[in-house]
K.L.:
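For reference, the structure I am asking about is given below.
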Amino acid sequence: MGGKVLDYEAKTIYMNGKNDGIALGMAQGMEQGVAQGVAQGRASMVLDMIKDGLEIGTIARIARMSVEQVNELGRKAVLE
């Protein structure tokens, strides 16, 4: 009888751990996905402003980025 109880407890602990791991993985994945989406949206906005001829300093201020970051995005876009 003791073996069945231990087996049941082990399965319960396993399933709880598995469910916790899945929930954590989903939450981290969603957080990472949102962050990636925001970064891609910001990069797209910066590239549009560069194409429209706005000054780099103005773009950096609006996008809350450094001038170096704006220039790097522009360089990467040219290479792609």
Side-chain angles (χ1 to χ4, degrees):
M1 180 97 171
K4 288 184 181 182
V5 171
L6 289 176
D7 188 42
Y8 174 78
E9 288 295 321
K11 286 180 183 177
T12 301
I13 291 168
Y14 168 79
M15 290 305 295
N16 287 340
K18 180 179 176 184
N19 290 337
D20 288 349
I22 290 171
L24 179 62
M26 288 177 64
Q28 288 175 342
M30 289 175 62
E31 185 177 319
Q32 191 174 16
V34 168
Q36 264 185 321
V38 168
Q40 288 174 347
R42 180 182 282 177
S44 177
M45 175 188 68
V46 166
L47 292 175
D48 286 344
M49 288 189 282
I50 291 171
K51 288 175 189 172
D52 284 349
L54 269 70
E55 291 184 18
I56 299 299
T58 302
I59 296 170
R61 182 180 48 79
I62 292 170
R64 295 188 176 114
M65 300 172 80
S66 70
V67 170
E68 293 79 19
Q69 289 171 312
V70 172
N71 283 327
E72 182 64 24
L73 278 173
R75 280 192 292 274
K76 284 182 181 178
V78 169
L79 296 174
E80 291 177 350

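For clarity, every value in this text was computed on a predicted model and none was experimentally measured. Side chains included, hydrogens not; waters and symmetry mates left out as well; all remaining heavy atoms used.
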K.L.:
Contact between Glu72 and Lys76 at the side-chain level, heavy atoms closer than 4.5 Å - yes or no?
P.N.:
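Yes - at least one pair of side-chain heavy atoms lies under 4.5 Å apart.
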
K.L.:
With rounding to the nearest 0.5 angstrom, report the CG to CD1 distance, Asn71 to Ile56.
P.N.:
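The CD1 atom of Ile56 is 5.0 Å from CG of Asn71, to the nearest 0.5 Å.
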
K.L.:
Which heavy atom of Ala63 sits nearest a heavy atom of Val46, and at what distance?
P.N.:
CB-CG2, 3.7 Å

K.L.:
Ignoring hydrogens, what is the shortest heavy-atom contact between Ala77 and Leu47? Give both atom names and the distance.
P.N.:
CB-CD2, 3.5 Å

K.L.:
How many angstroms lie between NZ in Lys18 and NZ in Lys11, if you round to the nearest 0.5 Å?
P.N.:
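NZ of Lys11 is found 13.0 Å from NZ of Lys18.
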
K.L.:
Quick one: CG on Leu73 to CZ on Arg42, what's the gap to the nearest 0.5 Å?
P.N.:
10.0 Å

K.L.:
With rounding to the nearest 0.5 Å, note down the distance linking CZ in Arg61 to CD in Glu55.
P.N.:
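Arg61 CZ to Glu55 CD: 10.0 Å, rounded to 0.5 Å.
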
K.L.:
I'd like to know if the side chain of Gln69 reaches the main chain of Ser66, judged simply by a donor and an acceptor atom lying under 3.5 Å from each other, with no hydrogens or angles considered.
P.N.:
yes

K.L.:
Please answer whether the main-chain N or O of Leu54 pairs with a side-chain N or O of Thr58 as donor and acceptor at a distance below 3.5 Å.
P.N.:
no

K.L.:
Does Arg64 CZ have over 12 foreign heavy atoms under 6.0 Å away?
P.N.:
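Not buried by this count: 12 neighbours or fewer within 6.0 Å.
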
